[in-house]
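Along the sequence shown, the residues carry numbers beginning at 1. Since we're looking at a predicted model, the values are computed, not measured.
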Amino acid sequence: PESALEGVAHVGRCAIMAYRLGAGRVLLAAPPEGEGRIEHLAVALAQLLGVLRDMPILLALCPRAGSLVPDATALADLCRA
């Protein structure tokens with residue numbers, strides 16, 4: 001979906017800014033529940049990681065209640081998706 005691409009583009013820009021500032025990590029919050037599907041998030045993040053593979057930056061997705069990734073179990077499901 002278009003909104004997933006916009007979200008990934010935003011994360012990519014944040015990762016590049018973090019790299020330029022010398023930060024090694026970008027913390028991410030998953031979209032709110034009802035805005036997309038976990039499978040779309042998994043594909044979008046995998047594509048982003050592929051693009052950023054040569055950058056020494058860590059993307060960390062933080063579980064958050066009310067989001068597509070509300071807890072550690074959902075985070076594990078995302079990693080398997």
Side-chain angles (χ1 to χ4, degrees):
E2 191 69 28
S3 62
L5 292 176
E6 291 171 14
V8 169
H10 177 72
V11 171
R13 288 190 297 275
C14 289
I16 291 169
M17 271 197 299
Y19 173 74
R20 288 181 179 165
L21 293 171
R25 180 176 306 155
V26 175
L27 299 177
L28 310 172
E33 193 173 7
E35 289 189 22
R37 296 177 48 196
I38 195 80
E39 296 85 3
H40 297 151
L41 179 61
V43 168
L45 289 174
Q47 290 174 342
L48 179 61
L49 289 170
V51 170
L52 299 175
R53 72 178 168 269
D54 294 331
M55 294 182 72
I57 197 92
L58 174 67
L59 300 180
L61 183 64
C62 303
R64 179 179 62 151
S67 76
L68 289 177
V69 185
D71 54 34
T73 301
L75 185 57
D77 292 344
L78 175 66
C79 291
R80 287 189 292 271

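With rounding to the nearest 0.5 Å, the separation of CG in Leu49 from CD in Gln47 is 10.5 Å.
Contacts of Arg80 classified as side chain to side chain donor-acceptor pair (under 3.5 Å), with partners at least two apart in sequence or in another chain: Asp77.
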With a 3.5 Å cut-off and sequence neighbours excluded, list the donor-acceptor pairs that the side chains of residues 51-67 form with protein atoms.
{"residue": "Arg53", "atom": "NH1", "partner": "Gly50", "partner atom": "O", "Å": "2.6"}
{"residue": "Arg64", "atom": "NH2", "partner": "Ala30", "partner atom": "O", "Å": "2.7"}
{"residue": "Ser67", "atom": "OG", "partner": "Arg64", "partner atom": "O", "Å": "2.7"}
{"residue": "Ser67", "atom": "OG", "partner": "Val69", "partner atom": "N", "Å": "3.1"}
{"residue": "Ser67", "atom": "OG", "partner": "Val69", "partner atom": "O", "Å": "3.0"}

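Linking ILVMFWY residues whenever their side-chain heavy atoms come closer than 4.5 Å, directly or via other members, leaves Val43 and Leu75 in distinct clusters.
Counting all heavy atoms, side chain and backbone alike, Leu68 lies closest to Ile38 at O-CD1, 3.5 Å.
Atom CD of Glu39 sits in a crowded spot, with more than 12 heavy atoms from other residues, nucleotides or ligands closer than 6.0 Å.
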